[in-house]
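The sequence lines fix the lettering, A, B, ..., with proteins before strands; numbering per chain opens at 1.
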There are 2 protein chains.
Amino acid sequence: MELRVLPSSSWRVSRGISRGSEMAAGTAPNIRDVAELAGVSHQTVSRVINDHPSIQPQTRARVEAAIKTLGYRPNSAARSLARMRTGRIGAIVDSPEHFGPMNTLRGVEVASRRAGYFLSSVSVNDDSVDAINQSLEFLLDQNVEGLCLIAPRLPLLEVIRRRGLQIPSVVIATDTAHLVDDNGLQASVDQELGTRMMVDYLLELGHTRIAHLSGPHDWGDARSRRATFEATLAAHGLTPAAIVEGDWSPDSGFAAGPGLIEGTGATAVFSANDQMALGLVHYLSEVGLRVPDDVSVVGFDNTPESAHMIPPLTTVRQNFEKLGEMAIGSLLARIKGARVERETLRTQPSLVVRSSAGPRPATQRSR
Amino acid sequence: MELRVLPSSSWRVSRGISRGSEMAAGTAPNIRDVAELAGVSHQTVSRVINDHPSIQPQTRARVEAAIKTLGYRPNSAARSLARMRTGRIGAIVDSPEHFGPMNTLRGVEVASRRAGYFLSSVSVNDDSVDAINQSLEFLLDQNVEGLCLIAPRLPLLEVIRRRGLQIPSVVIATDTAHLVDDNGLQASVDQELGTRMMVDYLLELGHTRIAHLSGPHDWGDARSRRATFEATLAAHGLTPAAIVEGDWSPDSGFAAGPGLIEGTGATAVFSANDQMALGLVHYLSEVGLRVPDDVSVVGFDNTPESAHMIPPLTTVRQNFEKLGEMAIGSLLARIKGARVERETLRTQPSLVVRSSAGPRPATQRSR
DNA sequence: CAGAACAGCGCCTCTCGTATC
DNA sequence: AGATACGAGAGGCGCTGTTCT
């Protein structure tokens with residue numbers, strides 16, 4: 001897909017050239033208008049805009065000049081019709097206001113554009129089956145060639161499971177249990193790895209009483225992190241000091257403070273995201289507990305803010321942009337007719353060690 | 001634009017009905033396939049899907065049944081071509097990770113969909129003229145009928161000013177000085193009103209030493225709020241206790257604390273957004289100043305978090321969704337051929353009084 | 001109320017050509 | 001002669017209009 005610069009005010013140009021006295025100003029120029037102006041056949045123009053090999057440089061130059069002066073732009077509908085493909089993919093984003101889905105969409109956007117595909121995306125916040133189905137229909141009505149579903153929560157996954165996908169699709173979701181589709185394509189950040197790295201890190205620091213501030217239970221990531229947290233502790237013969245569910249917001253992190261700390265003996269808290277960690281740190285400072293001297297706090301996401309928290313937050317970096325790009329890459333391969341086997345893409349998160357976690361305090365707090 | 005429910009697994013249906021032994025499975029069904037199955041002409045099918053009045057209920061029912069069993073979906077490219085319109089509008093969003101642009105886009109999305117228009121949106125973060133121009137070309141290549149530009153910062157506005165817009169467009173931006181276009185359509189939340197309401201509120205509470213935590217200077221909203229802040233104070237014969245520029249982030253709010261408070265005598269701080277207010281409140285608690293007893297802090301945006309801050313934040317509510325909807329409404333009117341005069345749309349913000357601002361302390365702090 | 005017939009939207013593709021080195 | 005560079009023309013993509021029965 002090549003991009004040309006429009007000479008200003010040449011958009012609604014007259015097409016009087018080819019239609020004599022009609023002078024239908026306001027109508028976009030035609031491929032034949034270009035041909036006429038360049039003194040070539042419409043064939044040649046077509047060959048130029050489609051990068052056909054056997055075109056002489058000077059002819060190409062003449063045509064491109066004509067294109068520029070007319071402000072010609074191929075009619076995408078006509079192209080789609082003749083080629084029998086729209087060059088468009090559709091995306092549904094659930095909870096687009098959240099860090100992960102938002103950045104994943106960014107990656108999806110970049111990747112599809114770079115591949116020469118148009119993207120139509122729709123947001124979903126509503127959990128109703130009807131709303132989700134309407135979003136799907138809305139995309140299918142555009143004859144998208146493929147579908148990318150950013151589905152962090154269960155409701156959207158459930159709809160996908162029930163109705164199935166009839167065109168090439170990729171589902172970006174952690175909780176894969178709901179996808180029974182045989183030839184399904186699925187992508188996610190490896191939550192288990194990220195969680196294990198973090199919990200192992202806390203264990204190495206000597207912590208044995210670790211609490212978990214989890215995300216909402218209808219989020220796949222939250223479920224996975226919580227489950228892996230418990231499993232990793234269990235593998236070391238430990239049990240959680242406490243588990244409190246938040247809603248990803250800083251406020252919920254603040255509010256979860258007492259449940260995580262009071263009487264639990266926790267010396268470290270693994271928060272399922274950075275924002276809640278922020279709120280929790282705030283709570284701890286309010287009750288006079290120092291981070292990390294009294295309590296270690298770690299997060300997940302590596303938001304821009306996390307580097308500047310006080311103290312700077314130890315967290316897990318997830319490359320959502322890359323996730324989106326990988327997903328689109330594989331989706332496009334399928335659209336172009338690659339094999340159709342079940343496939344699962346994973347990106348690896350990485351531990352970002354800053355200073356919000358430290359060794360287990362020598363003397364236990366009394367509380 | 002009506003939405004139909006696809007019977008599962010009926011998408012890639014055979015079209016053997018009309019093409020005999022060819023049985024081109026994998027090809028989407030045709031309007032003629034539907035006609036044949038329903039025992040009517042393709043004309044009638046066209047009339048049904050376009051809600052033509054003169055169709056008998058039973059005929060309509062037969063056709064709709066055929067549509068359903070075949071999983072027929074009109075080819076959007078063919079429709080666009082025949083109608084000579086794409087039914088698509090394009091949107092560019094600068095800084096989509098920020099609260100305002102993000103929610104404005106949400107409104108744009110909802111409004112265009114409700115009006116039966118498809119939406120293509122692209123994100124811009126880069127300030128380079130090339131990147132912005134490419135985004136524009138990308139949308140124009142899709143033959144969008146109109147353009148919605150969410151332009152909170154100056155660089156995008158500058159590009160718009162320089163190249164002009166050749167198709168119906170609406171610019172959502174506060175800083176209108178850069179738009180010389182004669183018949184331009186522009187929309188924004190009334191920043192001056194919001195700022196005045198807030199500053200007046202602080203003045204009524206008796207504050208005379210008020211500091212301002214502003215947003216980045218290349219943001220239109222930030223410039224407007226700052227200018228109005230200064231003007232409103234001046235109208236009361238007052239000068240700012242301090243002005244510090246942040247970058248919208250909580251961290252910058254935290255970092256701005258000393259500059260706003262130390263030695264300024266400020267008893268109130270007007271933060272240009274809620275997130276910075278959050279950081280500032282954190283700073284204040286760290287240095288032992290109570291909000292609002294010692295220092296009043298107010299924000300702007302009314303983010304979901306603001307209601308749960310401690311103390312709950314007094315702020316200004318901006319209805320970005322409505323802004324987006326209004327903008328699209330007026331844009332569509334232009335696309336449909338309404339008058340083309342210069343037009344400016346404004347939505348009114350409202351004051352949300354919570355408890356982070358109180359009366360001026362009786363005794364001045366010593367610092 | 002609905003069918004038949006046809007033109008047309010703008011572009012692509014394919015088949016033949018002719019022309020030039 | 002056998003390449004390469006381009007033209008002419010037709011048919012088709014799926015749907016929408018209109019007009020005439």
Expressed in angstrom and rounded to an integer, what is the separation of [X] atom [atom1] from [N] atom [atom2]?
X        : N      : atom1 : atom2 : answer
A/Arg60  : D/dT4  : CZ    : C1'   : 15 Å
A/Asp141 : D/dC15 : CG    : P     : 13 Å
A/Asp33  : C/dC9  : CG    : C1'   : 14 Å
A/Met84  : D/dG12 : CE    : P     : 13 Å
A/Gln58  : C/dC21 : CD    : P     : 11 Å
B/Asn50  : D/dG14 : CG    : C1'   : 13 Å
A/Arg32  : C/dC9  : CZ    : C1'   : 12 Å
A/Ile31  : C/dC11 : CD1   : P     : 5 Å

Would you indicate, yes or no, if [N] has its OP1 or OP2 atom less than 4.0 angstrom from a side-chain nitrogen or oxygen of [X]?
X       : N      : answer
B/Ser46 : D/dT16 : yes
A/Asn75 : C/dC9  : no
A/Tyr72 : C/dG10 : no
A/Ser41 : D/dA8  : no

Side-chain contact, heavy-atom cut-off 4.5 Å: A/Asp141 with B/Arg73?
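When only atoms from C-beta onward are counted, B/Arg73 and A/Asp141 do touch, with a gap below 4.5 Å.
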
Measuring only between side-chain heavy atoms, which start at C-beta, is B/Phe118 closer than 4.5 Å to B/Thr86?
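A side-chain contact under 4.5 Å is absent here.
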
Which part of the nucleic acid, if any, lies within contact of B/Gln43, taking any heavy atom under 4.0 Å across all strands shown: a base, the sugar-phosphate backbone alone, or nothing?
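Base contact.
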
Need to verify one output field. Residue with the more 5' nearest nucleotide on DNA chain D, A/His42 or A/Arg62?
A/Arg62

Between [options], which nucleotide has the shortest distance from any of its atoms to the side chain of [X]?
X       : options               : value
A/Gln56 : D/dA5, C/dC12, C/dC9  : D/dA5
A/Arg47 : D/dG14, D/dC6, C/dA2  : D/dC6
A/Arg79 : D/dC15, D/dA5, C/dC12 : C/dC12

Using heavy atoms to find the nearest nucleotide of DNA chain C for B/Ile55 and B/Ala82 separately, return the residue whose nucleotide is more 5′.
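The residue whose closest nucleotide sits nearer the 5' end is B/Ile55.
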
Salt-bridged, A/Arg62 to A/Glu36, with N to O below 4.0 Å?
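Looking at A/Arg62 and A/Glu36, the cut-off is not met.
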
Salt-bridge contact B/Glu109-B/Arg106 (side-chain N to carboxylate O under 4.0 Å)
no

Could you verify whether a donor N or O on one side chain and an acceptor N or O on the other, from A/Arg88 and B/Gln142, lie under 3.5 Å apart?
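Yes, a side-chain donor-acceptor pair sits under 3.5 Å.
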
